[in-house]
Each structure stands twice: as structure tokens, then as C-alpha cells.
Amino acid sequence: MTQATDTPMVELKGVKKRFGDLEVLKGIDLKIDRGKIISIIGPSGSGKSTLLRSINNLEMIDEGSILLDGVQVNRPDLKGLAFERHINHIRQNMGMVFQHFNLFPHLSTLENVTLAPRKLKGVDARSARELGMELLERVGLADKASVYPSSLSGGQKQRVAIARALAMRPKVMLFDEATSALDPELVEEVNQVMKHLAEEHMTMLIVTHEMAFARDVSDWAMFMDGGVVIEENTPDHLFSHPDQERTCHFLRKHLGNPG
Amino acid sequence: MEFDFSPVITYFPTLLKGVGATLLIGLVVALMSIIGGQIVAVISLYTRKVVNWPLRFLIWLFMTTPLLLQLYFLYFGLGQWILIPAIAVGVLGLGFHYMAYNADIFIATIKSVSSGQYEASRSLGFGHLATLFYIILPQAFHRAIPQLGNNMIIMVKDISVLSAIGIAELVYLSQYAISVTFRPFEFYITIAVIYYLINLLMETGQSWIERRAAARR
């Protein structure tokens with residue numbers, strides 16, 4: 001799946017999603033170039049999490065198209081097992097980090113990281129262990145390799161979850177409010193890990209409530225409300241001089257500054 | 001009242017044979033009902049109604065009728081047309097009976113694993129079945145251990161019911177010894193103690209396994 005480098009890593013065209021009568025995504029266009037970081041902010045219920053989950057098909061979109069590195073993710077033409085095979089393959093190229101970590105409690109920290117490479121890529125036990133230890137090292141948790149998730153703090157759990165997602169060598173990382181469930185003093189350690197990834201030019205899409213972090217780390221920022229992108233711009237512009245009244249209002253509520 | 005335990009000592013090797021038979025049957029039935037229970041639970045949760053409704057009906061049937069009746073039905077009832085060896089009837093009857101109870105437990109614990117676990121696994125690229133196998137079922141199993149243990153302890157005591165269709169387990173062999181020695185009181189006391197010891201052993205094993213599983217929940 002190697003494409004010319006000018007192909008966007010992720011591209012969404014006119015994505016629409018309905019839950020029953022409620023249209024939660026009303027035609028979203030989005031483009032992430034490789035190595036770039038986009039943050040999406042917006043109030044609860046704005047559709048930003050649904051958008052992120054649509055990208056790896058945890059939510060199935062009703063209209064539009066989603067491309068990962070030039071390959072179409074949503075495939076209305078594929079049914080049943082054919083689609084299952086297709087989406088499993090696509091998902092191996094995307095790392096997803098959840099608000100509530102969702103670590104596998106029956107596996108040790110190291111096993112959490114190595115399970116997917118071992119079972120899905122057939123990596124042998126020794127190489128998987130090396131890979132796992134290297135990734136745990138990167139998130140600063142090599143000393144916790146043999147413990148079970150129940151004995152980790154929230155921040156540590158989320159760092160392991162990031163290592164787990166990285167273990168499949170994804171082309172893009174999707175962060176769904178990765179720090180929203182954490183105690184304030186634990187947010188920073190997770191943000192640090194994400195910053196390191198940014199420095200290594202990982203392509204990332206970040207849905208977040210951390211305005212300062214989004215501004216600091218992103219190449220591009222989007223404000224969503226009511227299932228549409230209200231405004232998008234460079235983070236400096238969006239956070240300091242928003243053009244839209246709704247963006248202004250939202251930022252004022254969250255930052256306490258007039259924008 | 002006079003007690004004479006010397007016949008018990010004389011027939012102790014016979015009783016030990018019974019203990020061996022009981023434990024062996026118990027092991028086979030435990031494996032069958034635990035593995036089968038998981039399969040039944042998965043089928044009844046994840047397949048279409050055409051498949052899982054008949055299965056649920058069977059579970060319901062096994063859970064609402066007495067074990068002894070089920071054994072009589074399989075052995076004497078079906079025996080009108082086809083004679084199944086008693087040991088096969090015993091193991092299958094007891095196995096299906098407890099498979100139904102264990103399936104009920106697994107259905108509840110599988111449901112109790114959060115949808116976030118399923119999504120996390122799928123997002124890594126695991127398929128539906130692989131997710132069940134690597135992520136959902138192991139967690140459901142850990143959660144089921146306390147109730148499974150209780151069921152298996154009750155099951156081992158229920159093996160005595162198999163004496164009704166002539167299987168030479170502990171109670172059956174003691175009946176034989178009693179019929180020869182006429183010392184029912186001493187034999188029944190001894191057997192009660194033996195059952196108590198088996199129980200104690202199983203409970204110890206269960207709490208050891210539970211402790212080990214606790215960290216992984």
C-alpha cells in the first residue's frame with residue numbers, strides 16, 4: 001500500500017452519519033497529510049468522536065467516502081466476510097486510543113502490546129517481546145512489563161494503550177479524548193508521550209478537550225459543532241482569532257479568554 | 001450402641017476404587033460441561049434464532065427437570081430402542097445437565113465484558129471470532145470461576161446419583177459392601193467423611209485459582 005507521498009494519509013469526503021433520525025455528521029471533508037497532526041475540538045455531542053470512530057469503521061458511515069493512504073476504508077460494495085477481511089486489514093494500519101483505555105485486563109502489560117503483532121502479523125515470541133519492550137520503554141513503562149493493568153494508574157494505562165496501538169506500526173494514530181478520563185495530574189504524562197510521537201512525525205488525528213495541548217502540538221485545528229465543521233485553521237489563528245461566533249463562544253467557555 | 005469399623009477397613013480398597021471412579025467421572029464431566037458450556041453460551045449469544053432457540057430450549061429442559069429423571073430417561077427410556085452403556089449415559093447425562101448450568105453462567109459473564117474491550121480488539125485488526133477467542137472468552141472465564149467452582153462441587157456430589165443406573169462409583173460400591181457386611185452406619189459415616197474431604201480439596205483449589213485470577217480482572 002505504498003502510495004506517492006502527495007497522497008493524503010487520511011481523506012474524508014462528504015461523510016454523513018445518522019443514528020436513527022439524528023444526523024450526527026452532516027457532510028464532513030477532511031484531509032490529513034502524512035506526518036501532520038490535526039486536532040478536533042468542539043462541545044459534547046458535536047460529532048467529533050463519531051467522526052474519529054468512523055475513520056476505522058467502529059461507526060459505519062451512511063454516505064461519503066474515507067480513504068487511508070489512498071485506499072478506501074468504507075466499502076458499501078463489500079458484504080459479510082469480504083468486508084470483515086477488508087476492514088481487519090485496514091484497521092491494522094490505524095492505531096486507536098480510547099478515552100477509557102480499554103486495556104485487556106487478563107493480559108500483562110507486555111502481552112497487551114505484543115498480542116496483535118504476534119497473532120495478526122505472525123511475529124515470533126522473541127521479536128514480539130523485543131518490540132513490546134522497546135515500545136514500553138518509549139512510553140516510560142518498561143519496568144511495568146509483567147504487571148497486569150489493574151495495578152496501573154490511569155495515566156500509565158493510557159500510555160500502555162498508546163504502546164499497544166503503536167505495536168502494529170500504524171500509518172495514523174487516532175486519539176479519542178485520550179486524557180478526558182484522567183485525573184488532572186496524570187494528563188501531562190500522556191500528553192508528553194503524544195508530543196514525542198509528534199516529534200517523530202507520526203500522523204495523528206486528535207479529538208480533545210485540552211485546548212492548550214491541541215494548540216501546542218497540532219499543525220491544523222478544527223472546530224466542530226452540530227455535526228459540521230464550523231471553522232478550521234492553523235491552531236494559532238483558530239485559538240487566538242476565531243472567525244466564527246460559535247467558535248469564540250466555545251473557546252471563551254473553555255479557556256476563559258475572549259479569543 | 002456398638003461401632004465396628006473393621007469391615008470398613010476390610011472394604012477400604014473397594015471404597016478407594018469408588019473414590020477413583022467418582023473423581024475420574026468428575027474430571028470428565030467437569031471438562032465436558034465447562035468447555036461445552038462455553039460453546040453453548042457463544043452459540044446462543046452470537047448466532048441466529050433458528051440455531052440458538054432450540055439450544056436454549058434444551059438448556060431450559062435440562063435445568064427444569066431432575067437429574068435422576070434425565071438419567072432414567074436416557075438409560076431406561078431410550079433403552080426401549082437403543083441400549084447405551086450405563087457409563088456413557090452417566091457421563092453424558094451429568095455432562096449435559098451441568099453444561100446447561102455452566103452455559104448460563106458463561107452467558108452472563110460474556111455479556112458483562114464491556115463493549116470497549118470488543119472495540120479495542122477490533123480496532124487493532126482482530127476479527128469477530130479472534131476477538132471472542134483472545135479477548136472476550138478469557139475474561140468471561142475469569143469472571144465465571146467462582147460460580148463454576150460451586151457448580152463443580154455440587155456436580156461431584158451428584159455423581160452419587162449415577163448409582164441408580166448401576167455405575168460403580170463411591171456410593172454404589174459402599175452399597176455393595178454394606179450388603180455383605182451389614183454395617184450401614186459405619187460405611188455411610190465413612191463415605192460422608194470422604195465426600196467432605198473431596199469438597200475441602202476442591203474448595204481449596206477453587207480459592208487458589210480465584211486468587212490467581214483476581215489480578216487479571
Side-chain angles (χ1 to χ4, degrees), chain A residues 49 52-53 55-59 80-81 83-109 111-121 146-152 157 160-161 164-170 173-176 181, chain B residues 34-35 37-38 41-43 45-51 105-149 206 208-217:
Chain A
S49 274
L52 193 85
R53 290 163 56 81
I55 293 177
N56 74 356
N57 204 67
L58 284 179
E59 305 291 351
L81 270 181
F83 181 74
E84 170 113 353
R85 265 196 296 276
H86 160 75
I87 200 65
N88 288 346
H89 184 70
I90 290 277
R91 281 171 174 156
Q92 292 181 22
N93 294 297
M94 295 196 223
M96 176 103 178
V97 176
F98 299 86
Q99 182 179 358
H100 296 288
F101 332 125
N102 298 342
L103 285 186
F104 305 134
H106 62 301
L107 300 177
S108 73
T109 300
E111 288 165 340
N112 263 277
V113 179
T114 58
L115 183 74
R118 272 174 51 219
K119 303 298 180 192
L120 294 172
K121 285 186 173 169
S146 58
V147 308
Y148 288 88
S150 60
S151 64
L152 298 176
K157 281 181 189 168
V160 173
R164 176 177 71 179
L166 290 173
M168 289 300 282
R169 305 246 180 257
M173 287 284 284
L174 310 171
F175 291 89
D176 188 8
Chain B
I34 289 172
I35 295 168
Q38 287 201 73
V42 167
I43 292 174
L45 281 174
Y46 294 106
T47 57
R48 290 165 199 279
K49 281 178 184 167
V50 214
V51 181
I105 295 171
F106 283 125
I107 286 171
T109 58
I110 288 171
K111 279 184 183 169
S112 77
V113 178
S114 80
S115 60
Q117 290 291 312
Y118 185 80
E119 288 189 345
S121 171
R122 293 306 304 268
S123 78
L124 286 168
F126 284 105
H128 175 72
L129 281 178
T131 298
L132 271 182
F133 191 73
Y134 293 124
I135 306 301
I136 309 293
L137 290 182
Q139 293 183 50
F141 192 84
H142 283 153
R143 292 173 192 211
I145 288 170
Q147 284 169 289
L148 279 181
Q206 183 191 349
W208 181 78
I209 295 171
E210 267 178 53
R211 268 199 311 279
R212 290 197 42 145
R216 307 180 176 204
R217 292 173 67 179

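Residue numbering restarts at 1 for every chain, and letters A, B, ... go by the order of the sequence lines.
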Has the side chain of [X] got a donor or acceptor atom that lies under 3.5 Å from a matching backbone atom of [Y]?
X: A:Asn102; Y: B:Gly116; answer: yes
X: A:Glu84; Y: B:His128; answer: yes
X: B:Gln139; Y: A:Phe104; answer: no

Working to the nearest 0.5 angstrom, can you tell me the gap between [X] [atom1] and [Y] [atom2]?
X: A:Met96; Y: B:Glu119; atom1: CE; atom2: CD; answer: 7.0 Å
X: B:Ser121; Y: A:Arg164; atom1: OG; atom2: CZ; answer: 8.5 Å
X: A:Gln92; Y: B:Leu124; atom1: CD; atom2: CG; answer: 9.0 Å
X: B:Ser123; Y: A:Met168; atom1: OG; atom2: CE; answer: 10.5 Å
X: B:Arg122; Y: A:Leu58; atom1: CZ; atom2: CG; answer: 8.5 Å

Inset, instruction - Work out which heavy atom in B:Tyr134 is nearest to a heavy atom in A:Leu115; give both atom names and the distance. - result: CB-CD2, 4.3 Å
Inset, instruction - Taking all heavy atoms of B:Ala120 and all of A:Phe98, pick out the closest pair and write down the distance. - result: CA-CE1, 3.6 Å
Inset, instruction - Assess whether atom CZ of B:Phe133 is packed by more than 12 heavy atoms of other residues, nucleotides or ligands within 6.0 Å. - result: no
Legend entry - Audit row: B:Phe126, A:Leu120, side-chain contact (heavy atoms from CB on, under 4.5 Å) steps and yes/no: CA-CA 7 Å; B:Phe126 284 105; A:Leu120 294 172; 3.8 Å; yes
